[in-house]
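Accompanying notes for the structure given below.
Every chain is numbered from 1 and lettered A, B, ... according to where its sequence line falls, protein lines coming before strand lines.
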Amino acid sequence: MTVVTQKMNMIEAINSALDNMLTRDPDIVLLGEDIGFFGGVFRATAGLQKKHGKTRVFDTPISECGIIGAAVGMAAYGLRPVPEIQFADYIYPGLDQLVSEAARLRYRSANDFICPMTVRSPFGGGIFGGQTHSQSPESLFTHVCGIKTVIPSNPYDAKGLLIAAIEDNDPVVFFEPKRIYNGPFSGFYDRPVEPWSKHAGSDVPQDYYRIELGKAATVREGEALTILTYGTMVHVCVAVVMETGIDAEVIDLRTLLPLDIETVEASVKKTGRCMVVHEATRTSGFGAELAALVQERCFYHLEAPVERVTGFDTPYPHSLEWAYFPGPVRITRAMQKLIQE
Amino acid sequence: MTVVTQKMNMIEAINSALDNMLTRDPDIVLLGEDIGFFGGVFRATAGLQKKHGKTRVFDTPISECGIIGAAVGMAAYGLRPVPEIQFADYIYPGLDQLVSEAARLRYRSANDFICPMTVRSPFGGGIFGGQTHSQSPESLFTHVCGIKTVIPSNPYDAKGLLIAAIEDNDPVVFFEPKRIYNGPFSGFYDRPVEPWSKHAGSDVPQDYYRIELGKAATVREGEALTILTYGTMVHVCVAVVMETGIDAEVIDLRTLLPLDIETVEASVKKTGRCMVVHEATRTSGFGAELAALVQERCFYHLEAPVERVTGFDTPYPHSLEWAYFPGPVRITRAMQKLIQE
Amino acid sequence: MVKTKTNLPPLRLHIPEPKFRPGDEADFSDVVVPEIDEIARPDEGSAPAAIQNLAFGLIRVLDNNGNATGSWNPGLEPDQLRLMLSNMMLTRAFDDRMFRAQRQGKTSFYMKCTGEEATSVATAMALASDDMCFPSYRQQGILITRGYPLVKMMNQIYSNRADHLKGRQLPIMYSAPDHSFFSISGNLATQYPQAVGWAMASASRGDTRISACWCGEGSTAEGDFHSAMTFAAVYNTPVILQVVNNQWAISSFSGIAGGERTTFAARGLGYGIASLRVDGNDPLAVYAAMRWAADRARTNNGPTFIEYFTYRAEGHSTSDDPEAYRAAKEFEKWPLGDPVGRLKQHLIRIGEWSEEQHDAQAAELTDLVKKTQKEAEANGILGHGLHQPFESMFDDVFEHLPWHLKEQVEQVLEEQEAKFGPDWEPR
Amino acid sequence: MVKTKTNLPPLRLHIPEPKFRPGDEADFSDVVVPEIDEIARPDEGSAPAAIQNLAFGLIRVLDNNGNATGSWNPGLEPDQLRLMLSNMMLTRAFDDRMFRAQRQGKTSFYMKCTGEEATSVATAMALASDDMCFPSYRQQGILITRGYPLVKMMNQIYSNRADHLKGRQLPIMYSAPDHSFFSISGNLATQYPQAVGWAMASASRGDTRISACWCGEGSTAEGDFHSAMTFAAVYNTPVILQVVNNQWAISSFSGIAGGERTTFAARGLGYGIASLRVDGNDPLAVYAAMRWAADRARTNNGPTFIEYFTYRAEGHSTSDDPEAYRAAKEFEKWPLGDPVGRLKQHLIRIGEWSEEQHDAQAAELTDLVKKTQKEAEANGILGHGLHQPFESMFDDVFEHLPWHLKEQVEQVLEEQEAKFGPDWEPR
Ligand SMILES: Cc1ncc(C[n+]2csc(CCOP(=O)(O)OP(=O)(O)O)c2C)c(N)n1
Ligand SMILES: Cc1ncc(C[n+]2csc(CCOP(=O)(O)OP(=O)(O)O)c2C)c(N)n1
Ligand SMILES: [Mg+2]
Ligand SMILES: [Mg+2]
């Protein structure tokens with residue numbers, strides 16, 4: 001069977017995943033603020049209400065608690081809701097329904113009720129969104145047992161992972177790095193913007209396909225050190241590696257929980273050095289868990305401590321966005337330190 | 001000046017701190033579910049409404065969002081509210097007000113408005129409370145910049161730290177390990193319960209005193225390894241150390257954020273081995289941050305990977321509570337592994 | 001801008017306080033009990049705006065002498081009335097026994113619904129058996145009415161090896177999908193938006209099943225309550241949202257939840273939802289209100305909000321001591337009586353029941369509960385060994401065990417072996 | 001249990017839909033505009049239950065011809081009226097200019113309040129200058145009315161080196177404690193319980209200052225709204241809770257927030273809070289309602305809830321394109337006109353204003369804004385170098401820098417040096 005692909009940016013790929021799934025599975029319902037007629041503030045659901053009908057793709061009141069709470073009830077009925085939270089920064093009012101309800105339902109009812117729901121939400125900074133349109137709260141969800149956390153870094157993965165997330169029988173938080181919705185981002189914010197079309201990840205099959213959750217992708221092989229990262233930072237890391245010529249292995253985790261520990265371990269044991277890169281604030285970010293795991297499991301292979309390259313422990317500032325962002329300078333310095341030790 | 005002390009359990013010490021502070025500072029207000037006439041479901045505020053009046057110690061509607069949101073407004077007015085969240089498991093409906101508002105207010109207003117509020121909440125398991133009366137969500141708060149996280153392990157510390165937290169000009173989350181409200185807990189749940197009166201930490205001054213935030217306490221000196229822990233687990237670790245005779249240094253962190261990194265570093269550099277113990281689920285628990293920090297800063301002193309001894313990555317089960325709890329067996333095995341490596 | 005006048009009175013903060021505290025003699029003579037049919041039963045399709053007064057009245061059917069009268073009288077057959085009575089009596093007998101079991105150390109926790117039985121038994125009888133219920137923790141009467149095996153309830157309470165929830169949940173946090181009874185949460189009011197979501201799903205599928213949810217008057221303050229009401233109104237959802245106003249939320253009287261200023265039923269008016277206020281201790285009124293609401297929902301006339309005005313006769317739970325915060329014997333003074341007593345009186349009045357039959361039935365139900373208790377205890381009680389296998393703790397966190405949980409299963413088994421010796425075997 | 005009848009109609013899910021979409025011709029002839037004084041102004045001390053009808057009416061003062069009539073007429077002096085007009089005009093001129101600045105790439109974001117100026121300007125004029133305001137992001141009119149320096153607003157919008165918020169916040173997220181204006185949050189409705197808490201604090205201290213908060217009709221769905229209403233009711237708090245119903249929440253019409261079933265003002269009735277529905281484009285009605293509410297709060301008569309019925313004339317923000325989801329030119333069809341036009345008409349009508357004066361004032365205000373803009377731009381615009389020192393990013397996370405932030409300050413300075421060379425100096 002020939003697979004028909006099409007150049008897509010991240011938003012188009014997500015839209016395509018949702019469209020395919022709405023077509024295949026009558027149980028799928030999309031709900032969220034402004035996602036209906038308008039198609040979402042980032043256009044991820046554009047055209048879907050018109051095509052699949054108002055009872056399958058609809059606007060909600062501005063209540064993240066209600067959105068996720070209603071979705072839990074829909075899931076209990078037997079549907080597969082895919083709620084959108086307009087910005088990850090606004091997920092907190094719905095957090096109780098997510099962590100105390102969605103994440104616990106299968107466990108507390110011993111499988112009587114399940115919650116196959118995928119919460120989509122744009123996250124991350126780099127768009128001058130200030131502190132309430134830039135947050136990366138992913139690590140909070142990795143601490144909550146019963147939820148999977150998925151973060152794609154390119155259109156191909158976004159579609160395949162989103163389909164797998166929707167088909168998963170457990171709740172998934174699917175964070176979409178909004179900085180790269182329309183093009184990959186090298187982190188060199190003063191250079192011209194690249195479109196997705198020049199990136200291999202923009203060749204996206206029009207039809208259904210899945211990328212298994214819990215599998216990382218090695219986006220660049222290397223010997224000098226291992227970089228563990230995800231989302232926007234994958235592109236920044238690759239760009240810095242190209243720029244510096246340091247022979248780093250770059251691993252795009254794609255799923256934070258459950259983590260692809262095998263790929264991580266094998267790489268770090270090979271290179272003996274490990275760096276973790278994320279945009280979220282440092283303290284108790286997911287980098288902490290990664291550093292802890294790597295030193296637990298690869299201790300005798302490590303030539304240097306695991307380095308964390310992260311956002312600072314401050315809110316995401318508006319005008320000093322690039323000073324906050326873990327960009328090329330921060331990454332380069334950390335790489336140099338790591339290989340010198 | 002002679003300090004008059006009195007034998008107090010943890011609840012009495014907390015009550016005494018609140019009483020002292022209500023007396024000293026007219027800006028202090030206590031609010032929460034059932035804390036007024038009744039004095040709180042754990043009796044932490046017993047007698048305080050009667051003594052200090054209904055407008056200073058009062059019951060609230062069952063709305064954690066309202067409790068914390070109103071407290072933010074009170075703080076903006078110039079008061080120092082001390083809200084109680086009845087169980088840490090129920091803090092999530094108030095999380096947005098805590099992380100997006102209380103924690104951000106000083107920053108976003110560049111010091112125009114501040115939020116000197118102390119959220120008290122009983123946390124942790126070991127009382128057959130099942131999954132919604134046993135959680136330890138402290139690591140979530142350590143990821144949120146702008147909040148301090150404090151956890152006492154004995155009556156003396158509880159009072160001194162609570163007073164310092166209330167006097168602090170930033171929001172503090174003060175988690176009280178409910179398992180040890182009425183007596184320290186060795187983790188040997190099948191042995192007779194000890195009362196606080198036999199513990200040195202139960203000699204508590206009747207009057208005002210403070211224990212600076214951000215300072216750990218070395219509760220036992222040792223050479224073989226360093227144990228970093230807090231709350232209930234301090235007692236369990238000490239009991240296991242006594243039982244096994246392993247010469248561990250036990251550090252009670254007391255403040256998780258800001259962490260007393262000096263004490264931690266000095267100890268691990270001395271012993272060369274480090275173990276982190278907490279009751280919270282493992283993945284992305286505060287142990288991850290501690291392990292990451294220790295390996296970053298003490299890498300060349302470490303003889304073995306930092307060990308994490310934690311609750312499992314499941315909800316806190318009701319009947320299998322002791323199989324979940326990171327008790328003596330789990331701690332002993334980890335210590336043995338650590339010193340053998 | 002207006003200048004603040006300097007001669008203004010100082011502002012005052014009002015802190016609500018119940019009328020009676022320990023040591024006081026409760027006196028409820030100020031509770032207004034309207035005449036039966038003061039507001040006659042409107043058509044189920046009525047516009048919410050046309051029936052706002054129902055939120056301020058009190059729907060009643062049984063008068064003080066046990067006569068069923070007025071337009072809300074559901075006209076149930078004697079058999080149905082007797083079934084209703086026995087379901088309520090069984091609920092009470094069950095509560096008494098399980099409360100005692102907790103006091104005997106056989107489990108960690110229990111919660112009674114004494115005095116409030118009508119709000120779960122009569123409502124469950126008015127619903128279809130496949131309408132989905134999203135209860136709080138005080139609606140054990142639904143399960144009993146729907147014929148859920150008592151022994152399964154007890155196994156759950158004991159967290160024993162037969163507990164189908166694998167000993168994971170606090171006692172009374174039942175889950176019974178086959179009886180259209182949703183898994184109970186410890187977090188208050190979370191079931192409210194879930195019930196709305198379930199009904200939205202049902203409606204979007206052109207199904208005919210509706211949903212119903214319950215919460216206490218104290219829980220109405222949670223944001224989830226508001227989300228649920230908003231969603232129910234916006235999507236004209238076939239859901240029945242109920243508040244059991246039993247006057248107390250642990251130690252806080254209903255004024256702390258906003259009860260001083262208006263009725264809880266009035267909350268519904270703000271959303272344009274049909275809202276009823278019902279004598280919660282009058283089983284026939286409760287039944288009638290639920291039938292009205294269910295018929296309304298089934299015919300696409302949208303949601304109904306119901307307040308049951310009742311009284312929590314006992315402590316909040318086994319962890320509670322109500323004597324510490326309220327006047328003794330308040331329940332005896334409650335002007336709306338006891339639902340069991342009132343239905344019994346009615347049945348006797350219409351010649352379909354007698355004191356003797358009643359006593360005999362009470363004894364029979366107590367026996368049944370005792371017998372069932374023995375059966376359940378054969379499967380173990382909390383903390384006495386006959387629990388679920390240790391590794392069951394890791395099941396159902398996810399559909400499939402990820403690697404980190406597999407490692408933790410190994411670990412817990414090794415620990416148990418270290419603890420109980422090499423001959424130890426996972427049970 | 002009742003058996004579900006098998007011949008029941010299938011349930012239906014109702015998804016609200018606005019009457020007009022792009023391509024349609026908007027027609028608001030169904031918007032009911034009651035007569036002036038259909039409901040006369042009651043005493044400020046009235047019991048909420050006695051004045052429920054105010055939540056369903058529409059408080060108006062200015063008629064179609066610009067006459068101020070009826071019992072709500074606040075009887076303002078011409079000077080006050082002219083001040084009100086010029087505050088609204090300045091707000092509009094400011095909005096136009098800053099919107100354009102964003103389009104010119106001088107900053108990242110802007111939000112106008114065109115058409116809604118009365119809801120902030122007239123309310124601010126009716127409050128005392130030290131009453132505390134908890135605004136949403138569309139109440140720039142309060143700052144302008146209270147005389148907050150325009151240049152400070154612009155510095156904030158440009159995140160430049162003179163921005164007293166140190167460039168940290170998204171444009172328009174002002175904070176002005178000296179003008180009793182609370183720091184604006186990006187998270188909707190969070191200011192609601194905070195305003196209640198502030199007023200509770202004021203009341204508990206016997207202070208005389210009250211508080212007021214604003215949110216959009218879309219934001220009323222958040223749980224914070226409900227918490228705030230509950231707390232305000234329970235503690236009889238001196239707070240004024242206001243909803244600016246501008247018909248749209250980004251692309252969602254008011255029906256998605258529950259506006260199809262009842263008025264937003266009705267939300268207040270459920271809590272037993274006095275509730276007013278006001279023509280939000282009638283500056284005198286807005287002023288009168290706020291005065292009524294403020295007097296009520298100041299005399300310990302408790303909270304008031306107010307809905308301003310208005311229309312969002314422009315896009316949600318600079319990030320929005322309203323043509324994608326609503327009919328073009330809806331605002332021109334809005335039956336309640338434009339607040340600036342209506343007040344102007346009134347002033348002319350009473351002989352206190354003229355077209356010439358109006359045009360001259362408009363030009364003058366535009367000039368003022370332009371002049372101020374130059375002044376602000378001298379301090380820098382977003383992304384053009386004249387920002388705050390890098391290390392300022394770490395200030396105010398806490399009162400004092402903890403060790404980990406100190407380390408990060410070092411790091412950021414080293415990074416900047418690595419980036420800009422060794423001669424680089426922190427500015
Ligand atoms: C979110 C949350 N907050 C607090 C609690 C603790 N709590 C359990 S029951 C209860 C009182 C509930 O009162 P009400 O809603 O009136 O129900 P009732 O117990 O009277 O049936 C409280 C505060 C909880 N379970 N969940
Ligand atoms: C908690 C939260 N959820 C979502 C958003 C995104 N958002 C910003 S403005 C807005 C619409 C608000 O509409 P409304 O309350 O009517 O105010 P208006 O913009 O009309 O003044 C939304 C959904 C947010 N800022 N905060
Ligand atoms: Mg109650
Ligand atoms: Mg709006």
Which of C:Lys166, C:Arg21, C:His316, C:Gln411 touches chain B most, by non-hydrogen pairs under 4.5 Å: C:Arg21

Spatial distance of atom OG (C:Ser159) from atom CD (B:Glu321) [nearest 0.5 Å]: 10.5 Å

Heavy-atom pairs under 4.5 Å with chain C, option from B:Phe87, B:Tyr316, B:Phe58, B:Phe128 with the top count: B:Phe128

Engaged part of C:Val397 at the chain B interface, taking heavy atoms whose separation is under 4.5 Å: side chain

Nearest atoms (heavy-atom pairs only) where B:Thr283 meets C:His404: OG1-CD2, 4.1 Å

Spacing of CZ belonging to C:Phe398 relative to OG1 belonging to B:Thr314, to within rounding of 0.5 Å: 11.0 Å

For chain B, the option from C:Leu165, C:Asp163, C:Leu170 that forms the most heavy-atom pairs under 4.5 Å: C:Leu170

Test of ring centre spacing under 6.0 Å for C:Tyr325 and B:Phe37: no

Interchain contact, C:Asp396 with chain B, by part (heavy-atom threshold 4.5 Å): neither

Side chain, backbone, both or neither of B:Tyr189 within contact of chain C (heavy atoms, under 4.5 Å): side chain

Interface residues of residues 248-257 of chain C facing chain B - non-hydrogen atoms under 4.5 Å apart: C:Ala249, C:Ile250, C:Ser251, C:Ser252, C:Ile256

For C:Asn187 against B:Asp89, the heavy-atom pair lying closest together: ND2-O, 3.7 Å

C:Gln104, CD atom: more than 12 neighbouring heavy atoms under 6.0 Å: yes

Proximal component of C:Arg12, with respect to chain B [non-hydrogen, under 4.5 Å]: neither

Aromatic centroids of C:Phe394 and B:Phe312 separated by under 6.0 Å: yes

Atom pair CG (B:Asp59) and CD (C:Glu17), whose distance is rounded to the nearest 0.5 Å: 8.5 Å

Shortest non-hydrogen contact from B:Ser63 toward C:Glu222: CA-OE1, 3.9 Å

Per-residue contact mode, C:Glu414 against chain B (heavy atom under 4.5 angstrom): both

Approximate separation, where rounding is to 0.5 Å, of C:His226 NE2 and B:Cys65 SG: 10.5 Å

Contacting region of B:Glu64 [heavy-atom separation from chain C under 4.5 Å]: both

Greater than 12 external heavy atoms within 6.0 Å of C:Lys19's NZ: no

Residues of residues 330-341 of chain B with any heavy atom under 4.5 Å of a heavy atom in chain C: B:Arg330, B:Arg333

Portion of C:Ser392 that has a non-hydrogen atom of chain B nearer than 4.5 angstrom: side chain

Minimal non-hydrogen separation, B:Tyr90 against C:Gly186, with atom names: OH-O, 3.1 Å

Euclidean distance, B:Ser319 OG relative to C:Asn160 CG, rounded to 0.5 Å: 9.0 Å

Euclidean distance, C:Ser319 OG relative to B:His133 NE2, rounded to 0.5 Å: 8.0 Å

Heavy-atom check, side chain of C:Asp320 versus side chain of B:Phe38, under 4.5 Å: yes

Nearest heavy-atom neighbours spanning C:Leu188 and B:Ile62: CD1-CG2, 3.6 Å

C:Gln169 side chain vs B:His318 backbone, donor-acceptor pair below 3.5 Å: no

Heavy-atom pair with the smallest gap, counting every atom of C:Glu415 and B:Val329: O-CG1, 3.7 Å

